[in-house]
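Source: prediction; values computed, not measured.
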Amino acid sequence: MSQLMGPQLYAFLIDVFRLSLWLTILVVIFVPLERLFAAHPQKIFRKGIATDLGYYFLSSLVPALLLSVPVGLLAWAVHRAVPGGVLATAAALPLWARALAGLVAGEVGYYWGHRWSHEIPYLWRFHSIHHSAEEVDFLVNTRAHPVDMVFGRFCGLVPIYVLGLGSPASPAGSAAPVVATLIGTVWGFFIHANVRWRFGPLEWLISTPAFHHWHHTTTPVNRNYASTLPWLDRIFGTHYLPRKEWPAAYGIKAKLPDTLVGQLAYPLRAEPPTINPPEAAFDSRTAFAE
């Protein structure tokens, strides 16, 4: 047992060191930007930042372990159910084409997984933790229950594998899932950042902090589910992006525990947190404004 623990402990410490280095890079990039271009002036050491630092390491280490079994089962099911011609056609595509198609396919899957996490009360139990932040900055990107994060990532991987764009059996086959996950993760830090930048016509094509901050506001709720491609919200009728306004308040109606352990246990309680209600006063004239 001790012989096995040595390599495992060493690998764990290497992962922690790697994540600490990546966190340092994120801090060096985003903290000055959030001070210079803040959408909402707030302290660096804001409320809940210690808990979010815990989520940063937890969300980086745990989901990959939890995903290994369901992804393996997904690959097995795809191999048996999807026609070989579909898989062969996708495998013949150039690497760049598979990666691009995988990004779009993964985003479609993520959109619906994210949307279901708002619309299905049991899933909202876990996803509400991500929305409990009353102040939003780049670090809120990692505030997520492991169950919620695994569900969202798995939904993103399903269309990638079904279309034959990903396979864990070979390095080439894993390119599309890796690219989709990497871009989604990196862009997630940016769209949560507390910066007031607007990108004009580019906001039709790619998500921005303004787009995603409206997803975290108290009203309207249940909009802007895409992580990188906002035109999916336009297609499915859930886009909201006023020209100039920024959300006045963030968070949810339920009061969650302040500690990391308390929040992880919260969705398992008998009574779920209050689910966000539909937007009774949603105005489609401003929802699609640019």
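In summary, E135 and K47 do not engage in a salt bridge, as defined by a charged side-chain N under 4.0 Å from a carboxylate O.
In this structure, a donor-acceptor pair under 3.5 Å is absent between the side chains of T228 and Y110. Judged purely by distance below 3.5 Å, without hydrogens or angles, the side chains of Q263 and T51 never pair a donor atom with an acceptor atom.
Taken to the nearest 0.5 Å, the OG1 atom of T89 stands 11.5 Å off from the CG atom of L163. Of the inter-residue distances, the one linking H118 atom NE2 with N222 atom CG reads 6.0 Å to the nearest 0.5 angstrom. Atom CZ of R234 sits about 12.5 Å away from atom CG of L229, to the nearest 0.5 Å. In this structure, the separation between CG on D233 and CZ on R115 is 8.5 Å, given to the nearest 0.5 Å. To the nearest 0.5 Å, atom OG of residue S20 and atom CD1 of residue I25 are 11.0 Å apart.
The heavy-atom pair separating S128 from L256 by the smallest distance is O-CD2, 4.4 Å. Of all non-hydrogen atoms in A193 and P209, the two that sit nearest each other are O-CB, 3.8 Å. Heavy atoms only, all atoms of each residue included: G251 and T218 are closest at O-CG2, 3.7 Å. Here the shortest heavy-atom pairing between L19 and S60 reads CD2-CB, 3.4 Å.
For S59, there are no side chain to side chain donor-acceptor pair (under 3.5 Å) partners at least two apart in sequence or on another chain. Applying the ring pair (Phe, Tyr, Trp, His ring centres under 6.0 Å) rule to W246 yields the partners H213; only residues at least two apart in sequence or on another chain are considered. In this structure I44 satisfies the side chain to side chain contact (heavy atoms under 4.5 Å, CB included) test together with V31, R35, sequence neighbours excluded. Residues satisfying the side chain to side chain contact (heavy atoms under 4.5 Å, CB included) test with A97, not counting sequence neighbours, are L93, P94. Looking at residues two or more places apart in sequence or on another chain, you find no side chain to side chain donor-acceptor pair (under 3.5 Å) involving T142. The side chain to side chain contact (heavy atoms under 4.5 Å, CB included) search around P230 returns S207, F211, H239, not counting sequence neighbours. Residues forming a side chain to side chain contact (heavy atoms under 4.5 Å, CB included) with V78 (at least two apart in sequence, or on another chain): L74, V82, L87, Y161, V162.
Residue I29 is not grouped with residue V140 when hydrophobic side chains (ILVMFWY) are merged at heavy-atom distances under 4.5 angstrom, including chains of intermediate members. In this structure, V136 is not a member of the same hydrophobic cluster as F189, with clusters built from ILVMFWY side-chain heavy atoms closer than 4.5 Å. By the criterion of side-chain heavy atoms lying less than 4.5 angstrom apart, applied directly or through intervening Ile, Leu, Val, Met, Phe, Trp or Tyr residues, F190 is grouped together with L33 in one hydrophobic cluster. Both L23 and I49 are part of a single hydrophobic cluster, where members link through side-chain heavy atoms under 4.5 Å apart. Both L202 and V195 belong to a common hydrophobic cluster when Ile, Leu, Val, Met, Phe, Trp and Tyr are linked at side-chain heavy-atom distances under 4.5 angstrom.
Counting only residues at least two apart or in different chains, salt bridge (Lys or Arg N to Asp or Glu O under 4.0 Å) contacts with residues 50-69 comprise R46-D52, D52-R143. Counting only residues at least two apart or in different chains, salt bridge (Lys or Arg N to Asp or Glu O under 4.0 Å) contacts with residues 18-28 comprise D15-R18. Within the structure, salt bridge (Lys or Arg N to Asp or Glu O under 4.0 Å) pairs that include any residue of residues 68-96 do not occur (at least two apart or interchain). Applying the ring pair (Phe, Tyr, Trp, His ring centres under 6.0 Å) test to residues at least two apart or on different chains, the pairs with a partner in residues 26-73 are F30-F138, F37-W197, H40-Y250.
Classification of the Y122-F126 ring pair by plane angle, with boundaries at 30° and 60°, yields perpendicular.
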Working note: W231 + W204, criterion side chain to side chain contact (heavy atoms under 4.5 Å, CB included); need CA distance, chi angles, decisive distance, verdict. CA-CA 6 Å; W231 46 268; W204 281 73; over 6 Å; no

Can R198 and E203 be said to form a salt bridge (Lys or Arg N to Asp or Glu O under 4.0 Å), step by step? CA-CA 8 Å; R198 298 295 300 266; E203 292 182 336; 2.7 Å; yes

Steps toward side chain to side chain contact (heavy atoms under 4.5 Å, CB included) verdict (R125, Y266): CA-CA 8 Å; R125 290 188 182 203; Y266 185 62; over 6 Å; no

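Proximity of L139 to L53: side-chain heavy atoms (C-beta onward) are separated by under 4.5 Å at one or more points. Inter-residue side-chain proximity for L13 and F17 is flagged as unmet; no heavy-atom pair is nearer than 4.5 Å. Counting heavy atoms from C-beta outward, L232 and E107 have side chains that approach closer than 4.5 Å. A heavy-atom distance below 4.5 Å is not found between the side chains of W124 and P267. With contacts defined as side-chain heavy-atom distances shorter than 4.5 Å, the pair H215/Y240 does not qualify.
Residue F199 qualifies as enclosed at atom CZ: its count of foreign heavy atoms under 6.0 Å is above 12. Under a cut-off of 6.0 angstrom, the local environment of NZ in K255 is crowded, with over 12 non-hydrogen atoms contributed by other residues, nucleotides or ligands.
Within the 3.5 Å criterion, the main-chain N or O of W214 finds no donor-acceptor partner in the side chain of T217. Here the side chain of R223 pairs a donor or acceptor atom with the backbone of G237 at under 3.5 angstrom. Without hydrogens or angle criteria, D137 side chain to N194 main chain gives no donor-acceptor distance under 3.5 Å.
Between H130 and H192, the gap from one ring centroid to the other is short of 6.0 Å. Here Y225 and W112 keep their ring centres 6.0 angstrom or further from each other.
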Let me check something: any side-chain donor-acceptor pairs from residues 145-159 under 3.5 Å, sequence neighbours excluded? List them with distances.
unit_1, atom_1, unit_2, atom_2, d
H145, ND1, V147, N, 3.1
H145, NE2, L264, O, 2.9
D148, OD1, H127, ND1, 3.2
D148, OD2, H127, ND1, 3.0

